[in-house]
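All remarks here apply to the structure that follows.
Model, not experiment: these values are computed from the prediction.
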Amino acid sequence: MITIFALNNFDIGVLYLIQDSLRSPILTSFLEFMTDLGNNGYVWIALAVLLMTIRKCRKAGLTTMLALVINVILANGILKHLVQRPRPFDTYGGLQVLIHRPADWSFPSGHASASFAAAFVLYHYLPKKFSIVMFVLAALISFSRLYLGVHYPTDVFAVVFVGYFSAWLSEKITGFFGKDTGTKVTAIMAKRPGRKSAENA
């Protein structure tokens, strides 16, 4: 009970800190855009489809898409209904919500879990500098949910593990049906000095 009470205090304390100290018109517009990118996983679905159109990147795209499907089953289909955590704005009247109020449960964040599921897969396939960009994008989408007042911090932190599991399971499944699970997108890029090609990796 003490732990749950402490977590609740931490959660709402962070949200009020963001509301009172960080919000600004420019940042609000930017983070609303980040949330829009994450709506229904649109940005990650688009990226997965793009990769699937490139023959040598097809497995990366398929694995990303499968991770998103696994994630939506786990996060939206199971965990939300199992935990049934109310949204922060339903519990704390002083919290100002900056976008439309989602009607589903709060835990876990679907935006965050989908983002990290895709980012973990793409980390496996993309060159390091691009995979870092994917994690930065995932983090911005996740933070936007706190900033806009629709999720608790623990809704976001916990789903890093959900996203990782979704990515891990999707790679196991695609690996079962094909050998080149380790083939990176760098296979279609020019070889760089000091860097092994995908075939020799």
Side-chain angles (χ1 to χ4, degrees), residues 34-35 37-85 104-145 151 153-189 191-192 195-201:
M34 287 294 105
T35 268
L37 285 180
N39 284 345
N40 299 311
Y42 288 145
V43 66
W44 307 111
I45 292 172
L47 184 55
V49 170
L50 175 63
L51 290 172
M52 284 190 288
T53 63
I54 304 171
R55 185 176 62 84
K56 291 186 177 181
C57 302
R58 193 162 296 153
K59 183 160 286 186
L62 287 170
T63 306
T64 301
M65 191 69 78
L66 179 58
L68 293 172
V69 172
I70 293 171
N71 174 80
V72 78
I73 293 172
L74 290 177
N76 297 72
I78 298 176
L79 289 175
K80 278 186 181 288
H81 299 285
L82 185 64
V83 178
Q84 295 188 1
R85 187 183 196 184
D104 60 348
W105 299 108
S106 189
F107 182 93
S109 167
H111 282 68
S113 58
S115 296
F116 279 102
F120 277 120
V121 171
L122 295 172
Y123 174 79
H124 180 84
Y125 287 99
L126 297 180
K128 184 177 180 180
K129 63 181 180 181
F130 294 112
S131 61
I132 289 174
V133 171
M134 297 299 103
F135 276 114
V136 170
L137 179 58
L140 286 172
I141 291 173
S142 299
F143 178 70
S144 74
R145 307 304 285 168
H151 275 294
T154 49
D155 294 342
V156 170
F157 297 155
V159 298
V160 173
F161 299 100
V162 178
Y164 179 82
F165 177 77
S166 300
W168 174 82
L169 184 57
S170 69
E171 290 192 20
K172 289 295 182 183
I173 293 172
T174 54
F176 181 78
F177 292 103
K179 293 182 179 181
D180 295 331
T181 55
T183 300
K184 287 180 175 265
V185 175
T186 46
I188 66 170
M189 302 174 68
K191 294 181 181 179
R192 299 175 185 174
R195 180 165 187 158
K196 294 182 180 180
S197 66
E199 290 79 10
N200 297 324

Do the side chains of [Y] and [X] get nearer than 4.5 Å, heavy atoms only?
| X | Y | answer |
| --- | --- | --- |
| V136 | L140 | yes |
| M34 | L37 | yes |
| V121 | W44 | no |
| H124 | T63 | no |

Query - Whether H151 side chain and F107 backbone form a donor-acceptor pair below 3.5 Å - result: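 Not at all, since once roles are kept as given, no pair shorter than 3.5 Å links the two residues.
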
Tell me which donor-acceptor pairs under 3.5 Å the side chains of residues 157-169 have, and how far apart each pair is, sequence neighbours excluded?
from, atom 1, to, atom 2, distance (Å)
S166, OG, V162, O, 2.9

Between [X] and [Y], what is the shortest heavy-atom contact and its length?
| X | Y | answer |
| --- | --- | --- |
| L122 | M134 | CD1-SD, 3.7 Å |
| L126 | S131 | CB-N, 4.2 Å |
| V156 | S142 | CG1-CB, 3.5 Å |

At what distance, to the nearest 0.5 angstrom, does [atom1] of [X] lie from [atom2] of [Y]?
| X | Y | atom1 | atom2 | result |
| --- | --- | --- | --- | --- |
| L68 | N40 | CG | CG | 11.5 Å |
| M65 | I45 | CE | CD1 | 6.0 Å |
| L66 | E171 | CG | CD | 10.0 Å |
| T53 | R58 | OG1 | CZ | 8.0 Å |
| T64 | Y125 | OG1 | OH | 7.5 Å |

Query raised in the report: Got a sec, which pairs hit salt bridge (Lys or Arg N to Asp or Glu O under 4.0 Å) with one end in residues 104-113, sequence neighbours left out?
Result: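 Checked against salt bridge (Lys or Arg N to Asp or Glu O under 4.0 Å) - neighbours excluded - the pairs reaching residues 104-113 are K80-D104, R87-D104.
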
Query raised in the report: So which pairs with a foot in residues 63-76 pass salt bridge (Lys or Arg N to Asp or Glu O under 4.0 Å), sequence neighbours left out?
Result: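 Residue pairs with at least one partner in residues 63-76: there are none.
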
Query raised in the report: Considering the options S115, S113, S170, which one meets the side-chain hydrogen bond (donor to acceptor under 3.5 Å, both in side chains) requirement together with N71?
Result: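 That would be S113.
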
Query raised in the report: Hey, are R85 and D155 close enough for a salt bridge, meaning a charged N less than 4.0 Å from a carboxylate O?
Result: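 So R85 pairs with D155 through a salt bridge.
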
